[in-house]
Each structure stands twice: as C-alpha cells, then as structure tokens.
**Student:** 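My questions will all concern the structure given below.
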Protein chains: 2
Amino acid sequence: MDVRTICLGILTRGDATGYEIKNLFQHDGYQHFVEASFGSIYPALNRLTEEGLVSVRAEAQEKRPDRKVYSITPAGRTAFIASLLKPLPEDRHRSPFVFAMLFSDLLPKSRVAALIDQYTTQAQAKLAQLNESNTQPKSAGEEFANGFGRAIYEAMLDFLKSQRPKFNAEPDAIAAE
Amino acid sequence: MDVRTICLGILTRGDATGYEIKNLFQHDGYQHFVEASFGSIYPALNRLTEEGLVSVRAEAQEKRPDRKVYSITPAGRTAFIASLLKPLPEDRHRSPFVFAMLFSDLLPKSRVAALIDQYTTQAQAKLAQLNESNTQPKSAGEEFANGFGRAIYEAMLDFLKSQRPKFNAEPDAIAAE
DNA sequence: GTTTGCATGTAAACGGTTACATGATTGG
DNA sequence: CCAATCATGTAACCGTTTACATGCAAAC
C-alpha cells in the first residue's frame, strides 16, 4: 500500500496534520503492517491536495511552522474505498533474520544464538505493545489487526523457543579447562 | 537484505547463473522471506564481479546467450559472512490485507468476506508448498526457515478461521424476497 | 545540558520493479 | 498454436529513505 492511500485511510478517521499522521500509524495495530517517513508523507499530502482528495486549513502558530490540518474530501473518501475494492497487492514479509538463519551453518554458534535471542526479545516487545493497547475501545478493524499481529508474534515466539536449544551456545570453545 | 547479499548467499551453496539464482530462491524456504527480479540480479552480479567477490566463466551455447556461471570467491565468502555478523536490518511485514481490514467498517460485508477468503486460500497454498518440499534432505537453515514459515501460516489460518464468522456475507441485501 | 516533542519541507541518493529487446526449444 | 523454459541485459520509472535546513519549548 502506498503512502498516499495510507494517508487517505488515516484521514477517514479524523483530521490530522502530516506530523500526526506519522505518529498515528506508529500506534494501534497499523504499526506492524504499514510504515512511512516524513519524506514521503508531506509530498503525498501535497499531491492529494492538488488532486482534491483532501483539503487543508492552516492554523497559524507562534515560533513554529503553521499546523496544516488535513481533512479528507468526499472525492477522497470515494477514491479510498475504490482502492480497497480493487485487487490488493500481495503481502511481503522481508526477513533478514530468516535469511541469516538459512546460513546458520556458516556462522559461529554464539552468533546464531544471539540472533535468535535478539529476535525473540524484539517479538516479545512488539507483542507486549499489542497487548497494552487494550484500553481504548477499538473499531472492528483495529481489533482484527491486533489479533492478527498477536497470533503471528505468538506463533513466532513458540517456534523460536522450540528451536533455541538446537543452537545452544557452548560458549565458543572456552569450555575445556 | 539487498540483492547483492542474497546472490552471494546463494552462491555459497554452489555455482549458478543469474537465471538459476532467480529460480533458486523461489524454492525451498527462501521464497517467503526474500525476493528479487532479473532487473536487479544481473546488475548486482556484474558489480560483484567487478569487486572480486564472485568470478564468472562463460559457457558458450548455440542460439541463445552464453551461460555465465558465477562462483563465489574467498573474498566473497568472507564479505558474506561479515554481513551476517553485522547488526541485521529489521523485518518488515507489509500487509495491504491487514491495512484493508483496518477499514472493514467502510466496506461492504461481501467484500470483507471475499478478502478473508482470498487471503486464506493464498496462505493455504503457501503452506502446502512448504510441506511439499519435505523430500530432499535440507540444511539446518532450510529446516528452520521452513518451520518458521509453517508456524506463521498456520497461526494466520487459525486466526482467519476464528474471525471469518464475524464477517459472514449476508448476501448483500438480496435476502428479503 | 541534552534529549524529546512539535512542525514542515526539499534534494539527493538508493534500491528496486517493469517493460522491453532477442530468440530457439520443448511440452501441452 | 501457445505457453513455458532457457538466458542475458538495459533503460525508464517509481516510491521511498536519508540527510539536511530551521527552531522553540518542555522535560529529564
């Protein structure tokens, strides 16, 4: 999903500035499956404005740039829904971790063990984040995204735990004294 | 992981042409976590050759381009392993499907149901592929990658199955006759 | 006193995909 | 007869990231 569409989607939930959009999809279920940086968000919002899919109102501020608050227009809403009715691009899960594990036979056992342990810690942190956001009432969609994320991270962690012993770090040849 | 590194990795397992490299990581565990097209592989191999990380020998063929068989050099092997010892980039799972589901409240129920059903079918196909490749003896790494993939797809399928009823397609308002 | 948050934006660089060009052979 | 397999490569395009520019205020 491109940044344009992501911005449009977030704006269906309420008005926001570019800055807020960035933060919004670092929380609450968006986080694990989409991302984008300022360098792509601001140009995207400008283009969407030109095309009439969003509108802006500038709120003046002292001593920092004007807040530019974006709203989705009816045309924008239509375009957004249309984009979700077209065939979606496929998911892609790019995993440097799994790639590295494919070559575990070329690496010191200690490195492989560290790789697994790091990945485990990360997955635990992400899972914890998903469980945290149980406070606010969520839309059906957010609940789905949360559940989906949780299911995946839990499965990863189970698998990682089951495999970990195979790569047990005999502390790299210091043992024999 | 960039295409360069992926090529290097595959060549640690044996010599191959650019064409073969492409096909190799469409099989056996690589498939779900890395990908690249010819348009990036061929230039990558040329650059790796310039840098002395791989070597080429051309095998003449009648009536089609010479096969250029690439081998990894000792320098290439060292560089590859070094790249796996450095901190790895994080995984990124981009999911247009989950993104669309976040906005399920804006879509017709029939569309949401179709989305889930399509995604389920895809996941089943990928899982089947992983289970198929149980014939050849696998390296520890390939076994790990396979298991990891299986764990994820199974968890997804379970979750999808559990959620499916919530989006049951009352066939979009034709019901009342 | 340094980091974080607020707030926007541009330019260069990067990495990659898509489409194109070429063309014989084999299998359905 | 058409599609797929084999086989390499280039060029245009695309979307995105990274780094830069600017700068105050509040929190730690």
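Chain identifiers are assigned alphabetically (A, B, ...) following the order of the sequence lines, protein sequences preceding nucleic acid strands; residue numbering begins at 1 within each chain. Only this structure's heavy atoms are used, side chains among them; waters, hydrogens and symmetry mates stay out. Owing to the predicted nature of the structure, the values given are computational and were not obtained by experimental measurement.
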**Student:** Could you list, one pair per line, each protein nitrogen or oxygen that sits under 3.5 Å from a nitrogen or oxygen of nucleotides 25-28 of chain C, together with the distance?
**Tutor:**
none

**Student:** Yes or no on side-chain contact (heavy atoms from CB on, under 4.5 Å) for A:Asp91 and B:Arg94, after CA distance, side-chain angles and deciding distance?
**Tutor:** CA-CA 6 Å; A:Asp91 281 24; B:Arg94 298 288 198 91; over 6 Å; no
**Student:** Kindly determine whether A:Phe148 and A:His32 satisfy ring pair (Phe, Tyr, Trp, His ring centres under 6.0 Å), including the steps that lead there.
**Tutor:** CA-CA 10 Å; A:Phe148 196 81; A:His32 303 281; over 10 Å; no
**Student:** Taking transitive links into account, so neighbours of neighbours count too, which hydrophobic residues share a cluster with B:Tyr42 at under 4.5 Å side-chain distance?
**Tutor:** B:Tyr19, B:Phe38
**Student:** So does A:Lys68 pair up with A:Glu20, basic N to acidic O under 4.0 Å?
**Tutor:** no
**Student:** In whole angstrom, give the distance that lies between atom CD of B:Glu59 and atom P of D:dC6.
**Tutor:** 15 Å
**Student:** Measure CG/B:Asp66 against P/D:dT8 and give the value in whole Å, please.
**Tutor:** 9 Å
**Student:** Is B:Asp66 salt-bridged to B:Arg57, going by a charged N under 4.0 Å from an acidic O?
**Tutor:** no
**Student:** Rounded to whole angstrom units, what separation is found between the OH atom of B:Tyr19 and the C1' atom of C:dT22?
**Tutor:** 15 Å
**Student:** Within this structure, what is the OH-OG1 distance for the pair B:Tyr70 and B:Thr17, rounded to the nearest 0.5 Å?
**Tutor:** 9.0 Å
**Student:** Would you please indicate if the ring centroids of B:Phe159 and A:Phe144 are separated by under 6.0 Å?
**Tutor:** yes
**Student:** Quick one: A:Leu48 CG to D:dG15 P, roughly how many Å, whole number?
**Tutor:** 12 Å
**Student:** Quick one: do the A:Asn46 and A:Thr49 side chains pair a donor with an acceptor below 3.5 Å?
**Tutor:** no
**Student:** Is there any protein nitrogen or oxygen under 3.5 Å from a nitrogen or oxygen in nucleotides 9-19 of chain C, and what are the pairs?
**Tutor:**
| from | atom 1 | to | atom 2 | distance (Å) |
| --- | --- | --- | --- | --- |
| C:dG9 | OP1 | A:Lys68 | NZ | 2.2 |
| C:dG16 | OP1 | B:Val3 | N | 3.4 |
| C:dT17 | OP2 | B:Ser37 | N | 3.1 |
| C:dT17 | OP2 | B:Ser37 | OG | 2.8 |
| C:dT17 | OP2 | B:Ser40 | OG | 3.2 |

**Student:** Counting side-chain heavy atoms from CB outward, which of C:dT8, D:dC6, D:dA7 is closest to B:Asn23?
**Tutor:** D:dC6
**Student:** When the distance from CD1 of B:Ile21 to C1' of D:dT8 is rounded to whole Å, what number comes out?
**Tutor:** 13 Å
**Student:** Just N and O in the side chain of B:Thr17: are any of them under 4.0 Å from OP1 or OP2 of D:dC6?
**Tutor:** no
